[in-house]
Amino acid sequence: MELTLDYALLLDRGLVRERNEDRCGAFEPEDQALHAQRGRLFVVADGMGGHAAGDVAAEIAVQTIQEAYFHGDWTGAPAKLRAAFVAANQAILRAARDGGRQGMGAAAVAAAVVEDRVAVAHLGDCRGYLVRGNHITRLTSDHSWVQERMDAGRLTPDEARIHPYRNVLTRALGAEAEAAPDVAERPLTPGDALLLCSDGLWGLADDRDLAQALTAAPDAAQAAQALVDLALARGGHDNISVVVVRVSGAVSDVAPTVKLPLGRDRTAGNKHEQA
Ligand code: CA
């Protein structure tokens, strides 16, 4: 069963950072057969490394994940996403070595919606959420120092939020020779909303804030704007990237109602966006 999706991307530099080192993308193949097999792909990447390297790493992450997902043999969405993260890791390591940008890397989350299922892969602290009814579920667990301590019962969420090591990642693209993303798959149903975001959003909004903004807005574009506005109203100290995907119903034919060419996103008209 093919689902009708209403989706929007929004990328904002925030109010403090001079550069935007986040990247996001929504990819929907024009080719009908490819679309039917591999569905639609959404990616958020948060680059790091300074000296103009973070945005390079994030850009490589989004492009490589997209290319690897839509090319080569089809092994199913979870396996393809895993392979795509491995490819992105290698591409970032190679670019860092060849370009004298040692230490650049990226956190990333990707969601592939195929028929009525979503596969989510991530490395680092970009997050995926699912809102169903009044309930919000995290689809990802941060690969971070504070998350490990919380999992071990040695840190509370309130302590983690202000901890000096809260930005220390334990896994990321470009950090190690072998990438080990977490990948999971679950069913989607009409009425569901997916959110992918960088820590520039979730660091300033708890799960309840996110669920409320997602469900109150009439469509994906307004939900994305509401989420970015929320982060800006709370200081916007970091780059903010948001992908909202709302499942509005089921259709029997595979023709999508929203058609974006590969690689295009909707950041035009955003006053904080850098060229
Ligand atoms: Ca960030």
Side-chain angles (χ1 to χ4, degrees), residues 1-10 24-44 62-85 108-122 126-140 181-197 211 214-215 217-224 227 241-266:
M1 181 181 65
E2 172 85 8
L3 296 169
T4 306
L5 303 183
D6 168 31
Y7 57 86
L9 298 80
L10 207 48
C24 52
F27 305 98
E28 180 162 344
E30 304 271 355
D31 181 86
Q32 291 256 332
L34 193 64
H35 187 282
Q37 183 184 59
R38 307 195 182 193
R40 287 155 280 193
L41 177 70
F42 306 94
V43 188
V44 165
V62 172
Q63 289 310 319
T64 309
I65 289 168
Q66 179 263 122
E67 283 163 22
Y69 181 79
F70 286 110
H71 291 89
D73 292 341
W74 179 239
T75 48
K80 284 300 278 188
L81 281 183
R82 187 178 298 281
F85 271 63
V109 61
V113 179
V114 183
E115 295 184 345
D116 58 354
R117 297 183 71 77
V118 60
V120 176
H122 83 290
C126 287
R127 288 185 181 175
Y129 295 85
L130 173 69
V131 177
R132 179 171 291 169
N134 294 321
H135 205 73
I136 185 164
T137 307
R138 275 190 216 171
L139 303 177
T140 54
D182 287 334
V183 187
E185 195 182 26
R186 64 168 62 219
L188 282 178
T189 189
D192 285 352
L194 289 167
L195 167 66
L196 307 182
C197 65
L214 277 166
T215 49
D219 59 26
Q222 291 179 69
L227 289 163
S241 43
V242 173
V243 175
V244 174
V245 182
R246 288 177 31 149
V247 182
S248 50
V251 287
S252 51
D253 66 321
V254 295
T257 53
V258 181
K259 197 110 183 165
L260 288 181
L262 285 176
R264 192 90 171 271
D265 65 21
R266 299 176 182 170

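Given the structure is predicted, the values throughout are model-derived calculations rather than measurements.
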side-chain contact (heavy atoms from CB on, under 4.5 Å) partners of A119, counting only residues at least two apart: A77, P78, L81, E185
Check: T189 and V247 side chains under 4.5 Å, non-hydrogen atoms: no
Any residue meeting side-chain contact (heavy atoms from CB on, under 4.5 Å) with A68, in chain and number order, not counting sequence neighbours: A84, A87
Gap between atom CG of D192 and atom CG of L214 - 0.5 Å precision: 11.5 Å
Residues that D219 engages under side-chain hydrogen bond (donor to acceptor under 3.5 Å, both in side chains), provided they are two or more places apart: Q222
From CA spacing to verdict: side chain to side chain contact (heavy atoms under 4.5 Å, CB included), L130, L188: CA-CA 9 Å; L130 173 69; L188 282 178; 3.9 Å; yes
Least distance between heavy atoms, F85 atom then A108 atom: CE2-O, 3.7 Å
Audit row: L41, I65, side chain to side chain contact (heavy atoms under 4.5 Å, CB included) steps and yes/no: CA-CA 9 Å; L41 177 70; I65 289 168; 4.3 Å; yes
Minimum heavy-atom distance S241-V44, with the two atoms named: OG-CG1, 3.4 Å
Contact summary for A111 and V120, nearest pair of heavy atoms: CB-CG2, 4.1 Å
Donor-acceptor pair, side chain of D182 and main chain of H122, under 3.5 angstrom: no
Side chain to side chain contact (heavy atoms under 4.5 Å, CB included) assessment of L194 paired with V118: CA-CA 9 Å; L194 289 167; V118 60; 3.9 Å; yes
Residues forming a side-chain contact (heavy atoms from CB on, under 4.5 Å) with A193, sequence neighbours excluded: V131, R246
H35 (side chain) donor-acceptor with D31 (main chain) under 3.5 angstrom: no
side-chain hydrogen bond (donor to acceptor under 3.5 Å, both in side chains) partners for R186, two or more places apart: none
All pairs passing salt bridge (charged side-chain N to carboxylate O under 4.0 Å, His left out) where residues 74-83 contributes a residue, at least two apart: none
Closest contact, heavy atoms only, V109 versus C126: CG1-CB, 3.7 Å
Results of ring pair (Phe, Tyr, Trp, His ring centres under 6.0 Å) for Y69 - residues two or more places apart only: W74
Proximity of Y7 and F42 rings by center, below 6.0 Å: yes
Closest heavy-atom pair and its distance - C24, L10: SG-O, 4.3 Å
Check: T4 main-chain N/O paired with S248 side-chain donor or acceptor under 3.5 Å: yes
Test log, rule side chain to side chain contact (heavy atoms under 4.5 Å, CB included), inputs L227 and V244: CA-CA 10 Å; L227 289 163; V244 174; 3.9 Å; yes
For R127, all residues meeting side-chain hydrogen bond (donor to acceptor under 3.5 Å, both in side chains), sequence neighbours excluded: Y129, D142
Residues R40 and E2 bridged, charged N to O under 4.0 Å: yes
Where V43 and L196 come nearest, the two heavy atoms and their spacing: N-CD1, 4.2 Å
